[in-house]
There are 2 protein chains.
Amino acid sequence: MSDLPIIPEDKIKSASQGLRAIAHELRLSVLCLLLERPMCVHELIEATGAAQSNLSQHLSKMRMLGILESEKRGQEVMYSIANPDFAELVNALKQIYCPEMVCAAPTAKEG
Amino acid sequence: MSDLPIIPEDKIKSASQGLRAIAHELRLSVLCLLLERPMCVHELIEATGAAQSNLSQHLSKMRMLGILESEKRGQEVMYSIANPDFAELVNALKQIYCPEMVCAAPTAKEG
DNA sequence: TGATTATATAAGTGGAAACGAATATATTTC
DNA sequence: GAAATATATTCGTTTCCACTTATATAATCA
């Protein structure tokens, strides 16, 4: 019997599901790209070098999980990050793994 | 040819490896527990309800990845978080998934 | 309307990860 | 030194993921 603050099972389940969702090289790359601006599928294909079908499946998975949202524009489909939590999470990762690429909160000193 | 700030492949690879490492319910639970204080294996078994062999395998995996470190104390083995980045990451998750459990940076107003 | 472009979905396959069962190793106690 | 406790490791099985190939749908254009 410990008096530890146990995290509820369902929270753990959601969190690990969220992590699994972004713990994939291609999906993470896509999220990093969409952090900059919304993009359509063929832009993402070009930027990542992924196969069309494969990328489409990953996009679809992230959309179903509420991470991404999509909007049809003509024959293209624009994808963007739907859940700001994931934008934050990816930013946190960038700060850990490539601090020099994160322009972070501007210190209000530089131009 | 886009002028997007592409994240280098090896950074993506490290990041997604790190995410996969914690994107598992049991491993994430362990990390949350160890966020409080170092614990020995049978404490973790009791707190998580996991099978001994299974938990041991996960601990071993996280130790090999540099996430955890262990110190033998008598016949027990104490585990703790070795890499502060992961502590931060897990804290970030807590803020997203259970904000009410995070005592965060004290606002210096409450007792 | 037929061809082309953009994207999605389905089906099959290969490989990795997780788990349980059994066993091994180290430490303590008697 | 034998039993008990604490933890690690090995092995075999199953389950889950990702990827490719092929096909479907929708929009545009000729």
Side-chain angles (χ1 to χ4, degrees), chain A residues 1-2 9 12-31 33-34 38-82, chain B residues 2 9 12-31 33-34 37-82:
Chain A
M1 294 284 152
S2 63
E9 254 190 66
I12 292 283
K13 188 162 285 190
S14 314
S16 67
Q17 180 187 265
L19 286 170
R20 272 198 309 277
I22 68 176
H24 182 278
E25 293 182 30
L26 183 49
R27 290 195 291 266
L28 188 55
S29 297
V30 166
L31 285 169
L33 288 163
L34 294 183
M39 295 179 73
C40 65
V41 181
H42 70 265
E43 281 181 299
L44 292 170
I45 289 178
E46 189 183 355
T48 61
Q52 184 269 318
S53 164
N54 192 19
L55 177 62
S56 181
Q57 290 175 72
H58 287 295
L59 291 173
S60 160
K61 169 172 287 189
M62 288 193 279
R63 188 166 33 75
M64 287 199 295
L65 288 169
I67 300 172
L68 300 185
E69 63 192 357
S70 61
E71 187 194 352
K72 192 151 197 173
R73 250 191 103 91
Q75 49 180 346
E76 298 180 341
V77 178
M78 298 294 293
Y79 276 88
S80 53
I81 298 181
Chain B
S2 63
E9 255 190 67
I12 291 284
K13 189 162 285 192
S14 314
S16 67
Q17 186 195 35
L19 287 171
R20 271 197 309 277
I22 68 176
H24 183 278
E25 292 183 30
L26 183 49
R27 290 195 294 266
L28 187 55
S29 297
V30 166
L31 285 169
L33 288 163
L34 295 182
R37 59 171 172 82
M39 295 178 73
C40 66
V41 180
H42 69 265
E43 281 182 299
L44 292 171
I45 289 178
E46 187 182 356
T48 61
Q52 184 269 320
S53 163
N54 192 18
L55 178 61
S56 183
Q57 289 174 72
H58 287 295
L59 290 173
S60 159
K61 169 172 288 190
M62 287 194 280
R63 187 164 34 74
M64 287 198 295
L65 288 170
I67 300 172
L68 299 184
E69 63 193 357
S70 62
E71 188 194 352
K72 189 151 199 173
R73 250 192 103 92
Q75 50 181 348
E76 299 179 343
V77 178
M78 298 293 292
Y79 276 88
S80 53
I81 298 181

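Just so we're on the same page: letters track the sequence lines, and every chain starts at 1.
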Determine all donor-acceptor pairs shorter than 3.5 Å in which one atom belongs to a side chain in residues 50-64 of chain A; sequence neighbours excluded.
unit_1   : atom_1 : unit_2   : atom_2 : d
Ser53(A) : OG     : Gln57(A) : NE2    : 3.1
Asn54(A) : OD1    : His58(A) : NE2    : 3.3
Gln57(A) : NE2    : Ser53(A) : O      : 3.3
His58(A) : ND1    : Arg27(A) : NH1    : 3.0

Please list, one pair per line, the donor and acceptor atoms closer than 3.5 Å that link side chains of residues 14-24 of chain A to other protein atoms, with sequence neighbours excluded.
unit_1   : atom_1 : unit_2   : atom_2 : d
Ser14(A) : OG     : Asp10(A) : O      : 2.8
Ser16(A) : OG     : Ile12(A) : O      : 3.2
Ser16(A) : OG     : Lys13(A) : O      : 3.2
His24(A) : ND1    : Leu26(A) : N      : 3.2

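If you take CG on Leu68(A) and CE on Met78(A), they are separated by 12.5 Å, rounding to the nearest 0.5 Å. Taking CD1 from Ile67(A) and CD1 from Ile81(A), the interatomic distance works out to 9.5 Å, rounded to the nearest 0.5 Å.
Annotation: of the two residues near DNA chain D, Ile45(B) and Arg20(A), the 5′-most nearest-nucleotide partner is Ile45(B).
Using a distance-only test at 3.5 Å, with no hydrogens or angles considered, a donor-acceptor pair links the side chain of Glu43(B) to the main chain of Cys40(B).
Annotation for Leu33(B) and Ala47(B): closest pair CD1-CB, 3.7 Å, computed over non-hydrogen atoms. Considering every non-hydrogen atom in both Tyr79(A) and Leu34(A), the closest pair reads O-CD2, 3.5 Å. Ala82(B) and Gly66(B) get closest at one heavy-atom pair: CB-O, 3.7 Å.
Dashed line: the shortest gap from a side-chain N or O of His58(A) to OP1 or OP2 of dC19(D) is under 4.0 Å.
Interface residues of residues 22-31 of chain A facing DNA chain D, ordered by number: His24(A), Arg27(A); criterion, heavy-atom separation under 4.0 Å.
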Open item on the list: Strictly under 4.0 angstrom, non-hydrogen atoms only: write out the protein contact profile of nucleotides 25-30 of chain D, one letter per nucleotide from the 5' end, B, S or -.
Closed with: -SBS--
Task: Per-nucleotide protein contact string for nucleotides 8-16 of chain D (B base, S sugar-phosphate only, - none; heavy atom under 4.0 Å) - done: BBB------
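Other residues, nucleotides and ligands contribute over 12 non-hydrogen atoms within 6.0 Å of the CD atom of Glu69(A).
Side-chain contact between Val41(A) and Glu76(A) is absent, with no heavy atoms from C-beta onward closer than 4.5 Å.
The outermost nucleotides of DNA chain C lying under 4.0 Å from heavy atoms of chain A, listed 5' to 3', are dT5(C) to dA10(C).
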